[in-house]
Student: 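Take a look at this one; I'll ask things after.
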Amino acid sequence: MAASSPDTRYTYKLYTYFRSSCSARVRIAAHSKGLPLEYSFIHLVKGDQLESDYCTLNPSKSVPTLVVIDKQTGKDILTIRQSVAILEYIEEARPDLPPLLPPNDPIGRAKVRELVNIISNDVQPITNLRTLSFAKERGVDGPEWQQHFMKLGFNAYEQLLKLYAGKYSVGDQVTMADCVLAPAVDGAVRFGVEVEQDFPTIWRVWQNLNELDAFQKGRWNAQADTPEDLRGK
């Protein structure tokens with residue numbers, strides 16, 4: 001993890017769930033930048049996101065939610081309820097920390113955001129727990145559904161990686177695209193997508209990311225709310 005510079009103004013509280021790929025994006029990004037987070041755990045399978053207090057905080061009834069708290073007053077000054085908006089916020093609010101968008105490079109930044117949007121728009125919404133539950137109630141096979149839509153998005157990401165990738169998704173520096181990609185690959189492997197065989201460039205980048213401390217610490221199997229029998233897998 002990069003050394004963080006002290007922030008005397010704010011603390012950052014993240015509502016998260018260990019299996020949530022959207023939460024993992026933010027955890028990984030925060031570790032990559034060296035930005036300390038306080039965690040509050042929302043168990044999606046048990047329905048914590050449907051409790052009235054949390055629905056008031058986040059009307060989308062999802063995670064993550066980031067709350068920025070003024071240290072002097074203890075008051076919440078900002079709440080952000082979507083993962084990509086959180087990534088953009090911490091990038092802009094803490095330019096003193098290691099960047100996750102290529103500095104002074106509009107073309108490079110556009111490439112990163114393009115890749116982020118493939119996962120966040122084309123893959124995650126249609127393969128998340130809420131969508132999967134709705135589909136299963138109507139007789140749709142869950143793993144088949146997951147695999148179909150993950151493969152569509154991964155194919156697009158793979159083709160662009162052939163143009164953009166170095167060691168990581170865009171060149172040789174970790175970016176937001178990597179923070180979004182790594183949890184998506186974890187999910188794809190879980191649901192039986194043959195990532196190594198079908199998407200070799202994604203697989204290579206994912207393996208490189210898994211060697212990094214920030215990605216290991218932000219991953220689903222290393223969280224305080226990860227069940228003991230799943231840790232380290």
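Keep in mind that what you see is a predicted model, and the values were worked out from it rather than measured.
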Student: So, are R231 and E228 salt-bridged, with charged N and O less than 4.0 Å apart?
Tutor: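 Between E228 and R231 there is a salt bridge, with a charged N closer than 4.0 Å to a carboxylate O.
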
Student: Let me confirm one number: the CG-NZ distance from D96 to K33, rounded to the nearest 0.5 Å.
Tutor: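 Answer rounded to 0.5 Å: 7.5 Å.
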
Student: Less than 3.5 Å apart, any donor N or O on the side chain of T226 or N221 sitting next to an acceptor on the other?
Tutor: no

Student: Go through the steps for I90 and L35 under the test side-chain contact (heavy atoms from CB on, under 4.5 Å), then give the verdict.
Tutor: CA-CA 9 Å; I90 63 176; L35 180 68; 3.8 Å; yes

Student: Is the closest side-chain heavy-atom distance between K13 and I69 below 4.5 Å?
Tutor: yes

Student: Determine, using the 4.5 Å side-chain heavy-atom cutoff (strictly less than), whether L129 and I119 are members of one ILVMFWY cluster.
Tutor: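 No, because L129 and I119 fall into different hydrophobic clusters, even though each may have its own neighbours under 4.5 Å.
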
Student: Any donor and acceptor pair, going by atom type alone, linking the side chain of Q223 with main-chain N or O of Y17 inside 3.5 Å?
Tutor: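 Flag not set: sc Q223 to bb Y17 has no pair under 3.5 Å.
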
Student: Using atom types as modelled and distance alone, determine if a side-chain donor or acceptor of S60 lies under 3.5 Å from a backbone N or O of S62.
Tutor: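 Flag not set: sc S60 to bb S62 has no pair under 3.5 Å.
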
Student: Can you confirm whether the side chains of E114 and Y164 place a donor and an acceptor under 3.5 Å from each other?
Tutor: yes

Student: Would you say D48's side chain and H43's backbone share a donor-acceptor pair under 3.5 angstrom?
Tutor: yes

Student: For F149, what residues pass the ring-ring contact (aromatic ring centres under 6.0 Å, His included) criterion, not counting sequence neighbours?
Tutor: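 Per chain and number, F149 pairs via ring-ring contact (aromatic ring centres under 6.0 Å, His included) with W145.
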
Student: If two hydrophobic side chains count as joined below 4.5 Å and joins carry through other members, does V45 share a cluster with Y15?
Tutor: yes

Student: Using the ring of each side chain (for Trp, its six-membered ring), is F18 parallel, tilted or perpendicular to W220, with breaks at 30° and 60°?
Tutor: tilted

Student: For D229, I'd like to know if atom CG has over 12 heavy atoms of other residues, nucleotides or ligands within 6.0 Å.
Tutor: yes

Student: How are the rings of F154 and F199 set to each other: parallel, tilted or perpendicular (split at 30° and 60°)?
Tutor: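 Rings of F154 and F199: perpendicular, over 60°.
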
Student: How long is the straight-line distance from CG of L14 back to OG1 of T65, given to the nearest 0.5 Å?
Tutor: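 Output value for this atom pair is 8.0 Å.
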
Student: Does F134 have R138 sitting over its ring (NZ/CZ under 6.0 Å from centre, angle to axis within 45°)?
Tutor: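 Yes.
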
Student: Report yes or no: do I107 and L163 belong to one cluster of Ile/Leu/Val/Met/Phe/Trp/Tyr joined by side chain heavy-atom distances under 4.5 Å?
Tutor: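 Different clusters: I107 never reaches L163 through Ile, Leu, Val, Met, Phe, Trp or Tyr contacts under 4.5 Å.
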
Student: F41 vs Y39 aromatic rings, parallel, tilted or perpendicular, using cut-offs 30° and 60°?
Tutor: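 Parallel.
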
Student: Does a donor on one side chain and an acceptor on the other come within less than 3.5 Å for R25 and S83?
Tutor: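 Judged by distance alone, the side chains do pair up.
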
Student: How far does CD1 of I118 sit from CG of L152, to the nearest 0.5 angstrom?
Tutor: 12.0 Å

Student: Distance from Q173 atom CD to D178 atom CG, nearest 0.5 Å?
Tutor: 10.0 Å

Student: Counting only heavy atoms not in D172, do more than 12 fall under 6.0 Å of its CG?
Tutor: yes

Student: State whether the side chain of N155 and the backbone N or O of K151 hold a donor-acceptor pair below 3.5 Å, judged by distance alone.
Tutor: no

Student: Taking atom CD of Q207 as the centre, report whether more than 12 heavy atoms of other residues, nucleotides or ligands fall under 6.0 Å from it.
Tutor: yes

Student: Taking C-beta and beyond as the side chain, do L181 and L115 meet within less than 4.5 Å on heavy atoms?
Tutor: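 No, side chains not in contact.
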
Student: Out of curiosity, E51 CD to Q49 CD, how far, rounded to the nearest 0.5 Å?
Tutor: 9.0 Å

Student: Around Q82, counting heavy atoms of other residues, nucleotides and ligands shown, do more than 12 lie under 6.0 Å from its CD?
Tutor: no

Student: Can you tell me how far CG of D213 sits from CD1 of I28, rounded to the nearest 0.5 angstrom?
Tutor: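 I28 atom CD1 to D213 atom CG measures 11.5 Å (nearest 0.5 Å).
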
Student: Please determine whether residues M176 and V123 belong to a single hydrophobic cluster, defined as Ile, Leu, Val, Met, Phe, Trp and Tyr linked transitively by side-chain heavy-atom distances below 4.5 Å.
Tutor: yes

Student: Got a donor-acceptor contact below 3.5 angstrom from the T56 side chain to the S52 backbone?
Tutor: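 Here the side-chain-to-backbone pair exists.
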
